[in-house]
Amino acid sequence: QVQLVESGGGLAQAGGSLRLSCAASGGTFRQYVMGWFRQGPGKEREFVAAITWDGGRTLYAESVKGRFTISRDNGVNMLYLQMNNLKPEDTNVYSCAAATRWSVIVNILPTSEYDRWGQGTQVTVSS
């Protein structure tokens with residue numbers, strides 16, 4: 001079973017940037033669709049971005065399109081989320097997730113299709 005560990009969260013000012021990383025171990029990372037999600041206190045988990053096994057297709061939530069970029073390096077089992085032009089409303093706990101039954105997707109998968117999750121990393125954006 002793949003295990004996921006996020007890093008790179010922290011405090012940023014509005015308009016600033018952060019880069020999140022997700023290290024995968026075990027399983028076959030290079031075969032999976034991977035995603036980033038975020039969740040605030042008392043809120044439901046929200047889809048942020050997803051990427052196919054080879055990085056050939058990426059999908060984004062409308063709220064982050066044009067500001068965030070998801071990428072992966074299968075050679076070192078790493079997933080990334082580059083976050084630019086951050087806004088206070090981006091403040092959340094960000095988690096990476098693996099959809100181990102999927103390698104290729106056309107549309108955004110239901111959250112329930114992601115079956116392996118990291119513990120999350122806090123991102124706080126000040127105005």
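Residue numbers start at 1 and run along the sequence shown.
- Note: T58 OG1 to I70 CD1 = 7.5 Å, rounded to the nearest 0.5 Å.
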Kindly list each side-chain donor-acceptor pair under 3.5 angstrom involving residues 20-30, sequence neighbours excluded, with atom names and distances?
from	atom 1	to	atom 2	distance (Å)
T28	OG1	Q31	OE1	3.1
T28	OG1	Y32	OH	3.3

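- Residues V33, F37, F47, L59, W102, I105, I108, Y114, W117 make up the rest of the hydrophobic cluster containing L109, defined by ILVMFWY side-chain heavy atoms closer than 4.5 Å, directly or through other members.
- Residues forming a salt bridge (Lys or Arg N to Asp or Glu O under 4.0 Å) with K65 (at least two apart in sequence, or on another chain): E62.
- For D54, the side-chain contact (heavy atoms from CB on, under 4.5 Å) partners are T52, not counting sequence neighbours.
- In this structure the side chain of E89 never reaches within 4.5 angstrom of the side chain of S63, judged on heavy atoms.
- Interatomic distance, S127 OG to Q13 CD, rounded to the nearest 0.5 Å: 9.5 Å.
- Here R72 contributes atom CZ and L79 contributes atom CG; the two are 6.5 Å apart, rounded to the nearest 0.5 Å.
- Taking every heavy atom of both residues into account, W53 and N74 meet most closely at O-ND2, 2.8 Å.
- Two residues are said to be in side-chain contact when any heavy atoms from C-beta on lie closer than 4.5 Å; R45 and T111 meet this criterion.
- Judged by distance alone, with hydrogens and angles left aside, the side-chain atoms of R57 form no donor-acceptor pair with the main-chain N or O of V104 at under 3.5 Å.
- The heavy-atom pair separating A12 from L86 by the smallest distance is CB-CD1, 3.8 Å.
- Note: L18 CG to T121 OG1 = 9.0 Å, rounded to the nearest 0.5 Å.
- In this structure, CE in M34 is found 11.5 Å from CG in L81, a value given to the nearest 0.5 Å.
- Nearest heavy atoms, R101 versus S112: NH2-O, 4.1 Å.
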Please set out all donor-acceptor pairs under 3.5 angstrom arising from side-chain atoms of residues 2-10, sequence neighbours excluded.
from	atom 1	to	atom 2	distance (Å)
E6	OE1	Q119	N	3.0
E6	OE1	Q119	NE2	3.4
E6	OE1	G120	N	2.9
E6	OE2	C96	N	2.8
E6	OE2	G120	N	3.3

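- Contact of the R67 side chain with the D90 side chain is registered, since non-hydrogen atoms from C-beta on lie closer than 4.5 Å.
- A distance of 7.0 Å separates OG1 of T91 from CD of Q122, quoted to the nearest 0.5 Å.
- Checking side-chain atoms of N92 against main-chain N and O of G40 turns up a donor-acceptor pair under 3.5 Å.
- Sorted by first then second residue, the disulfide (SG to SG under 2.5 Å) pairs that include residues 30-82, not counting sequence neighbours, number zero.
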